[in-house]
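What follows is one structure encoded as structure tokens, with my remarks underneath.
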Amino acid sequence: MVDTNVKGLMYVTAPCYQAWSPATRAHHQPRLDCRDLPYPGGNVYGATKAFVRQFSLNLRADLLGTKVRVSDVEPGLVGGTEFSVVRFRGDGTKAAKLYEGADALTPEDIAETIHWIATLPPRVNVNAIELMPVTQAFGPLPVHRGDRPRSLGA
């Protein structure tokens, strides 16, 4: 998680940031799109996403006066991806149970949100946007499944 969410973001961002000369930054509108709700067992993941949030805010501060926009896209429960299979170390059955009976967000929902952000007028920067399905609520990420809410870990 640290390698992907922290180091990966820094390694990808640094060369791009350095390549954007002040003149390039003034004429182009590149965008960095990069979550932070706590849940049981997600301490390292949550810490890495807190880094992403703060890194994004600081990067935006560094880019003040340029046309470079930085947005942190923070999705909640998203089905149809390999995220939970990886989280549960390849246990597809356990991962599938997480989404059972829940009307999770889809990768298309996230793509549509990113497209919306990217097509806003150049003067608009969305610092962060958090999306959740209506079947999900806060702390520790309870998900409504039919007749009663219960935690993602349950």
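Computed from a prediction, not measured in an experiment: that's the story for all the values here.
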Give a yes or no on whether [X] and [Y] share a hydrophobic cluster (residues Ile, Leu, Val, Met, Phe, Trp, Tyr; joining criterion: side-chain heavy atoms under 4.5 Å apart).
| X | Y | value |
| --- | --- | --- |
| Val52 | Val86 | no |
| Met132 | Val134 | no |
| Leu64 | Phe55 | no |

Working to the nearest 0.5 Å, report the span between [atom1] of [X] and [atom2] of [Y].
| X | Y | atom1 | atom2 | result |
| --- | --- | --- | --- | --- |
| Leu59 | Gln54 | CG | CD | 11.5 Å |
| Asp91 | Lys97 | CG | NZ | 11.5 Å |
| Leu120 | His115 | CG | NE2 | 10.0 Å |
| Asp62 | Leu57 | CG | CG | 11.0 Å |
| Thr81 | Ile110 | OG1 | CD1 | 9.5 Å |

Exercise: identify the closest heavy-atom pair between [X] and [Y]:
| X | Y | value |
| --- | --- | --- |
| Val70 | Asn125 | N-OD1, 2.8 Å |
| Leu105 | Gly76 | CD1-N, 4.1 Å |
| Leu77 | Ala104 | O-CB, 3.7 Å |
| Pro107 | Gly79 | CD-O, 3.2 Å |
| Ile129 | Trp116 | CD1-CZ3, 4.0 Å |

Is a side-chain donor or acceptor of [X] paired with a backbone partner of [Y] at a separation under 3.5 angstrom?
| X | Y | answer |
| --- | --- | --- |
| Ser56 | Ser71 | no |
| Arg69 | Arg123 | no |
| Tyr99 | Val78 | yes |
| Arg60 | Val68 | yes |
| Asp109 | Thr106 | yes |

(message) Please enumerate all residues that pass side chain to side chain contact (heavy atoms under 4.5 Å, CB included) together with Val85, with sequence neighbours excluded.
(response)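 Residues passing side chain to side chain contact (heavy atoms under 4.5 Å, CB included) with Val85: Ala95.
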(message) According to salt bridge (Lys or Arg N to Asp or Glu O under 4.0 Å), who are the partners of Lys94, at least two apart in sequence or on a separate chain?
(response)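 Here no residue qualifies.
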(message) One pair to check against side-chain contact (heavy atoms from CB on, under 4.5 Å): Phe88 and Thr93. What are the steps and the verdict?
(response) CA-CA 9 Å; Phe88 294 123; Thr93 303; over 6 Å; no
(message) Please determine whether a side-chain nitrogen of the Lys or Arg among Glu74 and Arg53 lies less than 4.0 Å from a carboxylate oxygen of the Asp or Glu.
(response)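 Yes.
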(message) side-chain contact (heavy atoms from CB on, under 4.5 Å), that's the test. Do Asp72 and Asn127 meet it? Break it down for me.
(response) CA-CA 6 Å; Asp72 185 359; Asn127 295 320; over 6 Å; no
